[in-house]
J.: 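Sending over a structure as structure tokens; questions will come in a sec.
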Amino acid sequence: MSNPELERSIEAILMVVDEPVTELTLAAVLEQTVDEVVAALENLLGSYEGRGFTLKAINGGWRFYSHPECSTVVEKFVLDGQQNRLTQAALETLAVIAYRQPVSRARVSAIRGVNVEAVMKTLVTRGLVEESGLEPETGAILYKTTSYFLERLGLNSLNDLPALAPYLPDLDRLDEVLESLTD
Amino acid sequence: MSNPELERSIEAILMVVDEPVTELTLAAVLEQTVDEVVAALENLLGSYEGRGFTLKAINGGWRFYSHPECSTVVEKFVLDGQQNRLTQAALETLAVIAYRQPVSRARVSAIRGVNVEAVMKTLVTRGLVEESGLEPETGAILYKTTSYFLERLGLNSLNDLPALAPYLPDLDRLDEVLESLTD
Amino acid sequence: MDIESQSGDAIATIESSPFNVHLDNFDGPFDLLLQLISRHKMDITEVSLSIVTDEFIAFIRALEASGEGWRLDQATEFLVIAATLLDLKAARLLPSGEIEDEEDLALLEARDILFARLLQYRAFKEIAATFAARIEAADKSFARVVALDPALSALLPEVLIGVGAPRFAAIAERVLTPKTPPVVAVEHLHTSLVSVTEESRRVVEALRKSRTLSFRNLCSDADSTLVIVARFLALLDLYRQGALRFEQVIALGELQISWTGSDEGEVAASDEFDIPVSLLDDEEIAEAVAETPELIEENETEGGENV
């Protein structure tokens, strides 16, 4: 199968799906290696430059999306449920969990300097955060972000989160000290 | 609006809608003449040469479809892939219908917080859900689960569905809750 | 705490610049510390601990006077700030570069840890802003979700629901649970709900008549704690609008409120506190609490004039 044909097949499949399709599934159905599928997806993505749609991978699954710059016209057709806005406190707590997961509520509290019980509950209710086992030493419940969190942020994986380092000034010994704080 | 921009907007809309959209609707939403919209659609159609999808007008409405020449891989994907298994979105929608039937699509959308149009259609096509008259006040179509649904879930009757926690809002209370959310 | 007297000069310079903290994002002691540092470009260690302490005690006392009593969360938050400030001050008093014994070293480390904690806190705050931007961007893209073509679905084998009845019910339960934080339902209570908007009108009326009133007097006719809380919230809102001033000449003293707004006409009362159906939930209490340090801000200015 030549590359253009592979790309064409991927486009055809993604046109009929109602949920994201992983590279692995595509590779299996099309009898290609995952690398070939990834290369084809990247080619396709590039070829949509300037179009009204684009391809996006969220949590490993690919789908067609309308282009963000066309949101105004698309909104006239798509009446999605009202998305709740997150408060500043919720966003900051979410940031700590995203970078320190799995993490206990006590540790998030320590970093934030405030009690985060109510905010954590909100994040769990909204499906952005979920329980993830217990801390062996303390028995405290650990929390991690969900795939819905990735979807809301438009991220393919947690690796796509911006690096924390640039937000921290370059100080001698800072890393050590930070580690001693979060360990 | 320049032509490329018009074409881009049309692409964006058609990429996310499930129902075919007429030229007239597009012209009205995009504030263009029907002739301009038709010209843009024809341009787009030409630009999809060699791709895995195409635009088709059926009954006067335009929609994206996978290209007929790719039908073999698409069929293979549908059969091979886990397409006989319900997606998470379908499962959640089915759960709402099962416990709140008969229920309109708008209400299911409101409960799930997303547009459920495509998923509902899939559930109907798969024979799990069927129409069940009209809502007296709004004239909206009501949906209920079928006996095939019971069979697939391994139940004899709807009475065998496990009871839900009593604290969940019933339909009447739900409207209040939903209203308080959007106020 | 005799170290405080050394910081008197520093406080004078604080007063000379307008102490104008935007509190909409305020959340927690690290926030306050960061704001003190960043807005005044000053060394955190120059803050007079005694003044900060007085302000917090006054604040807590005001709550007590209002009938609210000690609020554990606020008191502990104060302790965190006070302890942090104290540690920072202690660390600062060390001559730099002259580490003589292990105790000095420990203090230096304590200082490092505190600053690291602050920096870490600030980093997450900044990251949170990028989260908000990402969510906004992601909300502008819509996924293609289409039903399977009938021609294709005819090919499909029997549908597999994939879960048993108990799991199916669990899914229904999750989906049917409202996606907002649980709210305490109060319909079954017989207390009538207090409206901040309404109490705000009473407060304005009383202040226009008397010009200056103590908080105690202002609440003398309150028949419930809820009314006192509502009036307190109304005062905060009016303060935000610049319609009144708070004065507290001595720490732990009476909180005096002077009317500085117009003598006539409607004063727009914020209805943000008047939430239909319910009492404030935890998050909103947290937000309301976060706004209260405006009092402190005012006190600091007043205190400065008295020095």
Side-chain angles (χ1 to χ4, degrees), chain B residues 12 15-18 63-66 71 74-75 78-79 82-86 88-89 91-96 98-100 111-128 148-149 152-155 160-165 167-169 174 176-178 180-181 183, chain C residues 135 137-188 193 195 197 270-281 283-284:
Chain B
M15 190 51 78
V16 299
V17 296
D18 191 36
R63 218 195 100 152
F64 274 111
Y65 291 90
S66 43
S71 61
V74 173
E75 280 165 21
V78 170
L79 290 171
Q82 295 164 318
Q83 295 288 312
N84 61 331
R85 223 190 158 80
L86 286 183
Q88 190 62 26
L91 206 50
E92 289 180 5
T93 306
L94 187 59
V96 173
Y99 279 92
R100 293 292 182 255
I111 294 172
R112 292 220 32 239
V114 291
N115 187 323
V116 295
E117 189 179 335
V119 179
M120 285 289 258
K121 212 180 282 175
T122 302
L123 291 174
V124 172
T125 333
R126 306 303 313 264
L128 294 163
Y148 179 62
F149 157 77
R152 298 310 292 163
L153 200 60
L155 299 177
D160 296 340
L161 274 175
L164 297 184
Y167 62 80
L168 289 176
L174 197 63
E176 288 168 36
V177 174
L178 290 173
S180 75
L181 289 185
D183 278 355
Chain C
I135 289 175
D139 279 350
K140 290 194 165 151
S141 255
F142 299 88
R144 175 176 175 86
V145 182
V146 296
L148 202 54
D149 211 88
L152 287 169
S153 52
L155 296 170
L156 290 173
E158 287 239 80
V159 65
L160 203 68
I161 291 184
V163 298
R167 176 96 190 89
F168 187 76
I171 291 171
E173 206 152 296
R174 181 169 55 75
V175 176
L176 288 169
T177 304
K179 288 181 185 51
T180 45
V183 168
V184 182
V186 291
E187 294 93 328
H188 60 287
L193 290 179
S195 150
T197 315
S270 159
D271 58 359
E272 67 184 287
F273 301 113
D274 292 336
I275 293 155
V277 181
S278 73
L279 290 168
L280 299 172
D281 68 20
E283 213 181 328
E284 282 147 349

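Per chain, numbering begins at 1; letters A, B, ... match sequence-line order.
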J.: By side chain to side chain donor-acceptor pair (under 3.5 Å), which residues pair with B:Thr122, not counting sequence neighbours?
T.: none
J.: For the residue pair B:Arg152 and C:Ile161, what are the closest heavy atoms and their distance?
T.: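 Smallest interatomic distance, heavy atoms only, reads CB-CD1, 3.8 Å.
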J.: By a 4.5 Å heavy-atom criterion (distance strictly below it), what part of C:Ala143 contacts chain B: side chain, backbone, both, or neither?
T.: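 Contact with chain B involves the backbone of C:Ala143 alone.
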J.: Which heavy atom in C:Phe168 sits nearest to a heavy atom in B:Leu91, and how many Å separate them?
T.: CE1-O, 4.2 Å
J.: Which residue, B:Ile111, B:Leu94, B:Thr93, forms the side chain to side chain contact (heavy atoms under 4.5 Å, CB included) with C:Val175?
T.: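 Passing option: B:Ile111.
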J.: Is chain C contacted by the side chain of B:Phe64, its backbone, both, or neither, given a heavy-atom distance below 4.5 Å?
T.: both
J.: In terms of heavy-atom proximity below 4.5 Å to chain C, should B:Ala98 be classed as side chain, backbone, both, or neither?
T.: side chain
J.: Which atoms of B:Val17 come close to chain C, meaning under 4.5 Å heavy atom to heavy atom: side chain ones, backbone ones, both, or neither?
T.: backbone
J.: Can you name the side chain to side chain donor-acceptor pair (under 3.5 Å) partners of B:Gln88, sequence neighbours left out?
T.: B:Glu92
J.: Minimum heavy-atom separation for B:Leu164 and C:Ala169, please, with both atom names.
T.: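 That closest heavy-atom pairing would be CD2-O, 3.4 Å.
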J.: Are any of the side-chain heavy atoms of C:Val145 and B:Asp18 separated by less than 4.5 Å?
T.: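 A side-chain contact under 4.5 Å is absent here.
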J.: Quick one: of B:Met15, B:Lys121, B:Arg63, who has the most non-hydrogen atom pairs under 4.5 Å with chain C?
T.: B:Met15
J.: Looking only at heavy atoms, which two atoms of B:Ala95 and C:Ile171 are closest? And how far apart?
T.: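 For B:Ala95 versus C:Ile171, the nearest heavy atoms are CB-CG2, 4.1 Å.
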J.: Is it the backbone or the side chain of B:Leu155 that comes under 4.5 Å from a heavy atom of chain C, or both, or neither?
T.: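 The side chain, not the backbone.
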